[in-house]
Amino acid sequence: MCTTCGCGQGETTIEGHAHDHPHGHAHPHDHEHEHSHADGTVHTHMHGHEHEHYHNPDPAHAHDGLHAEGEVHYHAHQGDLHYGLGPAHSHAPGLTQQRMVQIEQDILGKNNTYAAANRRRFAEHGQFAVNLVSSPGSGKTTLLVKSIEMLKDRAQVAVIEGDQQTSNDADRIRATGAPAIQVNTGKGCHLDAHMIGHAIERLDLPDDSLLMIENVGNLVCPAGFDLGEAHKVVILSVTEGEDKPLKYPDMFHAADLMLLNKIDLLPYLDFDVEQCIAHARRVNPRLQVMQVSATSGAGLAAWLDWLLAGLDGARAARAANVDLLKRRVAELEAQLAARA
Amino acid sequence: MHEMALAEGILGIVEDAARAQGFGRVSEVRLEIGVLAGVEIDALDFCLDVVLKGSVAEGARIEMLIVPGQGWCMQCGETVPITARFDACPKCGGVQVQATGGTEMRVKDLLVE
């Protein structure tokens, strides 16, 4: 359990995905080996998780690009490593010598590798993915519902909903007719790229569509986790303090667009919009800002245009890529014909 | 931030290295943590203590090398020291400063047996 925000891992569930063991593995891998790691301790869970996703020899796995092909499988059970099975094939007590091993690896490297795989997948399918982040209660879900309704005839939209518990938000999205999948993070305080990889497998996202990822309501942790999205969009409502960008600078720094929501309430509040925007730009000079109200509809047109422009860009990039591949195929066919 | 997830990331890196290089014990883990990385050092230390139990690095000494924050001030056109992302430039007082150093979170090296 995280001492800072109370987060922990091990209870992640992806909706519609039956699994009755208590730890956070929500994906039906075709494992060839057997292991028993269900004792529920933090360490054992963690390790089982790693093992399953980094050493899965099944090339059909969606994240298979991340696994070293043909890797020898000598993972740990119950948190121990079996060195007798490792490359050294020996571990003689009393003969150890201390040595320094250079590592130089980013701690979030694995998440970033999954994020890169997600990003590649989105690009291949012309999908525009945005990661919506905010504190709880900023109006993210209402804004999403409204946006989906207004985009209905203009784009295909699907949603991944992240919350610690309940599928209430996904239910609200599905009521609009858009496909949605709930990821419950259990005690976790953020979505990570690995969860998104599994969720998009289940969502069956059509090509050239818009994917909205509603992250767990939290202005701290989701800032550090790339999901493979095109942009992080931070939503701040005017019922919060205008100094939130200074209090939670990492999130405002990580975002490309800030939606200042609930502006229909401004007449009743003592909220300084200009100062809020100045605070946000101080943390992130590149930040784009839009003032919106999901309730009154004010400012939503600009937000929807921003989404559609992003989607057009993703589609165009995919189309260009497909054209390029077609040209290459034609060239190779011509070469083949010349030699046959 | 989410120090538990970071601690698990560190464990993963250590165990991958143990597998690849065939060592059985880690006596020291050196991390590089930037002051702008949003990591609560004490919390990370606590989480590592929990997460590393039962692993090759159980009981290992954790050394955290704190990397100072640096930013590029657009007005001064030079690198200046900063302690937070939204710090003003210590020279000109301007706030157009982009963090360029001190954002890292890395496992630097391990002392192994």
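A, B, ... follow the sequence lines: proteins, then strands. Residue 1 opens every chain.
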Working for side-chain contact (heavy atoms from CB on, under 4.5 Å), residues D109(B) and V101(A): CA-CA 5 Å; D109(B) 48 35; V101(A) 177; 5.9 Å; no
Hey, could you give me the [atom1]/[atom2] distance between [X] and [Y], rounded to the nearest 0.5 Å?
X: C221(A); Y: E3(B); atom1: SG; atom2: CD; result: 7.5 Å
X: L108(A); Y: L6(B); atom1: CG; atom2: CG; result: 5.5 Å
X: I107(A); Y: E32(B); atom1: CD1; atom2: CD; result: 9.5 Å

Most chain A-contacting option - heavy-atom pairs closer than 4.5 Å, from R30(B), Q98(B), E104(B), E58(B): Q98(B)
Verdict with supporting geometry, K110(A) and D16(B), salt bridge (charged side-chain N to carboxylate O under 4.0 Å, His left out): CA-CA 11 Å; K110(A) 278 183 181 168; D16(B) 283 353; 2.8 Å; yes
E28(B) portion near chain A, given a 4.5 angstrom heavy-atom threshold: neither
[X] vs [Y] side-chain heavy atoms within contact, under 4.5 Å:
X: R25(B); Y: Q98(A); answer: no
X: Q105(A); Y: M105(B); answer: no
X: V107(B); Y: D106(A); answer: no

Identify each donor-acceptor pair in which a side-chain atom of residues 85-95 of chain B lies under 3.5 Å from a protein atom, sequence neighbours left out, and give them as a table.
{"from": "R85(B)", "atom 1": "NE", "to": "D250(A)", "atom 2": "OD1", "distance (Å)": "3.0"}
{"from": "R85(B)", "atom 1": "NH1", "to": "H253(A)", "atom 2": "NE2", "distance (Å)": "3.3"}
{"from": "D87(B)", "atom 1": "OD2", "to": "T83(B)", "atom 2": "N", "distance (Å)": "2.8"}
{"from": "D87(B)", "atom 1": "OD2", "to": "T83(B)", "atom 2": "OG1", "distance (Å)": "2.8"}
{"from": "D87(B)", "atom 1": "OD2", "to": "A84(B)", "atom 2": "N", "distance (Å)": "3.4"}
{"from": "K91(B)", "atom 1": "NZ", "to": "E78(B)", "atom 2": "OE1", "distance (Å)": "2.9"}
{"from": "K91(B)", "atom 1": "NZ", "to": "E78(B)", "atom 2": "OE2", "distance (Å)": "3.3"}

